[in-house]
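Written below as structure tokens is the structure these notes are about.
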Amino acid sequence: MPKNKVQDAVFTAIMAIIMVYGMIVYNVALNTGGVSGEAFLLALHELPIMAPIAFILEFFVVGKLAKRLAFSFMKPTDRPQFITYAVSICICCIMCPIMSLIATILFKNTHTFGTFIQTWGMNFPCAVLWQMFYCGPLVRLIFRLIFREKKSKQA
């Protein structure tokens, strides 16, 4: 995957935008009583606020912490895709409560501890499933298309 800081920044930006947009759509749908075309449009209003927050958190803090956490139970010799899954789940475990807290403060009518816990509890299963089965694979595909490695010609 990313091989340098520029690629890491691009990967993180794409991931933050797609992951956050999906989670905002989910939360708008929860608040409005279902998924509709309007939910996808309403989510665009929160995206410019939440995506940069997610990018900054993941790029500078959570990514490193999640890798350390993942390698506390994974070995570098484990299959690469299992390492990717472990890091992705660790990122969700760290990002979901942080982003749920921020969303509770910025967008919820009540700013209580209970509202935060409920938001986190509702978001976590969706975040893990969205990350593991849709967002993560899609972002890795987009990243591979952007940063195609040149095949060396053998003479």
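Reckoned from all heavy atoms, side chains included, excluding hydrogens, waters and symmetry mates.
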- Query: Once the angle between the rings of Y21 and F40 is folded into 0 to 90°, is it parallel (under 30°), tilted (30 to 60°) or perpendicular (over 60°)?
  - Reply: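 Correct class here is tilted.
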
- Message: Is the ring pair F143/F147 parallel, tilted or perpendicular, if the boundaries are 30 and 60 degrees?
- Response: tilted

- Around Q7, counting heavy atoms of other residues, nucleotides and ligands shown, do more than 12 lie under 6.0 Å from its CD? yes

- Item | N109 atom CG, neighbour heavy-atom count above 12 within 6.0 Å | no

- Just do the side-chain contact (heavy atoms from CB on, under 4.5 Å) check on I102 and L57 with the steps written out, would you? CA-CA 12 Å; I102 293 167; L57 282 170; 4.1 Å; yes

On a heavy-atom basis, which atom in [X] and which in [Y] lie closest, and how many Å separate them?
X    : Y    : result
V28  : A39  : CG1-CA, 3.7 Å
A127 : M23  : CA-SD, 3.6 Å
A29  : V35  : CB-CG2, 3.6 Å
H111 : I105 : NE2-O, 3.0 Å
L47  : P52  : O-CD, 3.8 Å
A51  : A16  : O-CB, 3.9 Å

- Item | F124/C93 under side-chain contact (heavy atoms from CB on, under 4.5 Å): CA gap, chis, key distance, verdict | CA-CA 8 Å; F124 186 72; C93 288; 3.9 Å; yes

- How far apart are the C-alpha atoms of I146 and I142, what are their side-chain angles, what is the distance that settles it, and do they pass the side-chain contact (heavy atoms from CB on, under 4.5 Å) test? CA-CA 6 Å; I146 293 171; I142 292 168; 3.8 Å; yes

- Step-by-step ring-ring contact (aromatic ring centres under 6.0 Å, His included) determination, W120 to F116: CA-CA 6 Å; W120 177 14; F116 157 63; 5.6 Å; yes

- Message: Tell me if a side-chain donor or acceptor on D8 pairs with a main-chain N or O of N4 at a distance below 3.5 Å.
- Response: no

- Item | Sidechain-backbone polar pair: S100 side chain, P97 backbone, donor-acceptor under 3.5 Å | no

Quick one: [atom1] on [X] to [atom2] on [Y], what's the gap to the nearest 0.5 Å?
X   : Y    : atom1 : atom2 : value
M50 : M19  : CE    : CE    : 12.0 Å
Y85 : Q131 : OH    : CD    : 11.5 Å
I53 : I98  : CD1   : CD1   : 11.5 Å
T77 : I83  : OG1   : CD1   : 7.5 Å
N27 : T104 : CG    : OG1   : 8.5 Å
I91 : M15  : CD1   : CE    : 7.0 Å

- Message: Side chains of V139 and Y134, heavy atoms from C-beta outward: is any pair under 4.5 Å?
- Response: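 The answer is no, as the side chains (C-beta and beyond) never meet within the 4.5 Å cut-off.
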
[Y] reachable from [X] in the ILVMFWY side-chain graph, under 4.5 Å edges:
X    : Y    : result
L101 : F113 : yes
L138 : F133 : yes
V87  : F73  : yes
I17  : L141 : no

- Modelled atom types, side-chain donor and acceptor of T110 and T115, under 3.5 Å: yes

- F59 six-ring face occupied by K5 cation (under 6.0 Å, within 45°): yes

- Task: Verify side-chain contact (heavy atoms from CB on, under 4.5 Å) between K108 and N31, making sure each step is shown before the conclusion.
- Result: CA-CA 10 Å; K108 298 285 184 168; N31 293 336; 3.9 Å; yes

